[in-house]
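Notes to accompany the following structure.
Both ligands and their constituent atoms are indexed starting at 1 by order of listing. In what follows, residues are counted from 1 in the order of the sequence shown. Just so it is clear, the values below take in all heavy atoms, side chains as well, and ignore hydrogens, waters and symmetry mates.
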Amino acid sequence: MPPSTQQQSKYAWSQIGRAAPPKRPAGERVGDFREIYSEFDEATVRAQAARCIQCPNPLCMTGCPLANRIPEWMSLTAQGLFLEAAALSRSTSNLPEICSRVCPQEKLCEGACILNARTDPVAIGAVERFINEYAFHHGGVEVVQAPANGRKVAVIGSGPGGLTCADELAKLGYSVTVFESQLIPGGLLVNGIPAFKLEKHIVERRIDLLAQRGVEFRLGVRVGWDVSLAGLRDKFDAVFLGVGAQKPKPLDIPGAELHGIADALPFLTQKNVDSPLVGGDPIDVVGKRVAVLGGGDTAMDCLRTALRSGAKEAVCLYRRDLANMPGSRKEYANALEEGAQFKFLTNPVALIGDATGAVAAVRCVRMELGAPDASGRRSPKAVPGSEFEVPADVLLIAYGFDPMPFPKESDFAQIATDKWGGFKIDGNQMTSLPGVFSGGDSVRGPSLVVHAVRDARQAALGIHHYLGGWKTRPAK
Ligand code: SF4
């Protein structure tokens, strides 16, 4: 007879090591764009969930931006009650099968797990993925259309924030229309996150679910250009703006006008999505030396996408060291395994072109780290006389993103913004325009999928309160 969950939890962590979900060998996975991880089997997921010690003050929940009820679904999973565990997981997250794949768990739930003080943390992300995939494959994800409440809400953008807000409001009976500028819904989940981290059919499955709940998707509509805010406010009772922040930060060094330089997002989109709106000149990396500027997750995605797209080499140039690099350690390790190179404490200062006007090399200076800056990270300083060159045929810029400005004449320009251009919001995620709400990257700047989910859940609640539905408990 198997031990009780309490017995398992009390001792399992010291007897069972943390397991990682199965990962395809690097040599195989660089040949395609399929996901690199698969799922635990049932016995492994139960054993891994039993490593959770059920601490009375669960730090993992504090580390998770959604305050997911992790110890409770760990206990259910350890008992083999996978559908019950998944239902609990869905009660606090609208995209658990997606967050479990793309969250940097080592900085969030798993980074906060109390077991870190003694051993390796519970494999929270992998368990979350298993139970939610199990629910999808065993008919455990309900498709219920709530009774209509007669109110209409427009959601602008179909990225993680837009999908979450639409989902929450549909559960409350709102008639929700999602406007998306691209012809494929999903926003950054399909355009920006490569399929080797999140296959497109996972996002499509979630969108289908929303459509079955009655959410309408209008694709290829550019709000601010094709549709005005005034028009939307006229037609809908409230508006949620989940437009993200996708304007690339500029490369401001001599030589930036050379050929062979591309921004990260168009490159990732071209290699990931077969969409008529992707457009732009094809960015060919076959047989080429690719240099990626930046040290975040987008830079890792570019390196790994370049290698899968036939690049001869892919090297990351980053001005701080590994300890101060913002990218996920898991993705860094995966990139290294796949053959990406990293040059830390390396700051590009100019680009050198060849006779045809194409980039041929990046002139860099060696950096050293000084005192921490306002963000707590140590500021890099150039080492005098340390210039060197890194040969490159293609340069990909992954320096981050700013909000995409609406046309000056557009009525969206009347929404108050902060100094970096993000929408200002109140405690209910409402902007300076009554009835217009926002969240995610368009408020915070470039951030995590899970933060967009958190904000959008808050905004949906804010919209529900604004429209007088506060007496009704939100659906779980
Ligand atoms: Fe961890 Fe992200 Fe899942 Fe929260 S949503 S439990 S942070 S993987």
Please collect all salt bridge (Lys or Arg N to Asp or Glu O under 4.0 Å) contacts where either partner lies in [range], sequence neighbours excluded, each pair once.
range	result
residues 13-31	Arg18-Glu110, Lys23-Glu337, Arg24-Glu28, Arg24-Asp32, Arg29-Glu337, Arg29-Glu338
residues 111-137	Glu35-Arg129, Glu39-Arg129, Arg101-Glu133, Glu133-Arg205
residues 426-442	none

In the protein, N/O/S atoms that are found under 2.8 Å from atom 1 (Fe) of ligand 1, waters not counted: Cys109 SG
Ring geometry between Phe33 and Phe196 (parallel below 30°, tilted from 30 to 60°, perpendicular above 60°):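 Because their plane-to-plane angle lies in the 30° to 60° range, the rings of Phe196 and Phe33 count as tilted.
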Donor-acceptor contact below 3.5 Å, side chain Asn272 vs main chain Ala195: yes
Flag for Arg90-Asn132: side-chain donor and acceptor within less than 3.5 Å: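 Short answer, no.
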